[in-house]
Amino acid sequence: MELFQILFDLLMAVSPQFAAAVLVLCTLLFGFCSYVFFDSANPGGGIVFLILALITLILFVWSVRQNRFDGKKKDKNKR
């Protein structure tokens, strides 16, 4: 199990695309868990899930379009 954690940490450090995908999946999983937990008590859980899923998806697509996950540092002095 420790070898898996080392490989996972290495992938997170080396690949920004992988890190972004993991963050999106974790956020969606959190939203789904909140939906399941709160759905038994009230319909607010469904709203929480939809809001989290939409915000995460919008931020991910916007970041991909801005080339934030290409792994290259932009020089702010260049025009």
Side-chain angles (χ1 to χ4, degrees):
M1 195 65 178
E2 290 178 20
L3 180 61
F4 175 75
Q5 184 65 43
I6 292 170
L7 291 173
F8 184 78
D9 289 341
L10 182 65
L11 275 173
M12 290 288 281
V14 172
S15 174
Q17 295 91 351
F18 180 74
V22 167
L23 287 173
V24 167
L25 291 174
C26 289
T27 304
L28 290 176
L29 179 63
F30 174 76
F32 179 70
C33 290
S34 69
Y35 167 72
V36 170
F37 178 76
F38 289 116
D39 190 45
S40 61
N42 60 35
I47 296 169
V48 169
F49 172 69
L50 287 176
I51 290 172
L52 279 174
L54 287 175
I55 289 172
T56 302
L57 187 63
I58 289 169
L59 286 174
F60 182 70
V61 170
W62 179 70
S63 295
V64 168
R65 289 181 146 221
Q66 297 292 324
N67 295 326
R68 299 209 177 195
F69 303 117
D70 61 0
K72 298 176 186 172
K73 298 283 185 189
K74 292 183 180 178
D75 188 10
K76 293 184 179 181
N77 295 328
K78 284 189 176 180
R79 292 187 185 237

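Quick caveat: nothing in here was measured; it's all calculated off a predicted structure. In this chain, residues are counted from 1 in sequence order.
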Co-members of [X] in a cluster of I, L, V, M, F, W and Y side chains, linked at under 4.5 Å:
X	value
Phe18	Phe8, Leu11, Met12, Val22
Ile6	none
Leu29	none
Leu54	none

**Set of residues satisfying side-chain contact (heavy atoms from CB on, under 4.5 Å) with respect to Val61, sequence neighbours excluded** = Leu57, Arg65
**Item:** Pairing residues for Gln5 by the side-chain hydrogen bond (donor to acceptor under 3.5 Å, both in side chains) criterion, not counting sequence neighbours
**Value:** Asp9
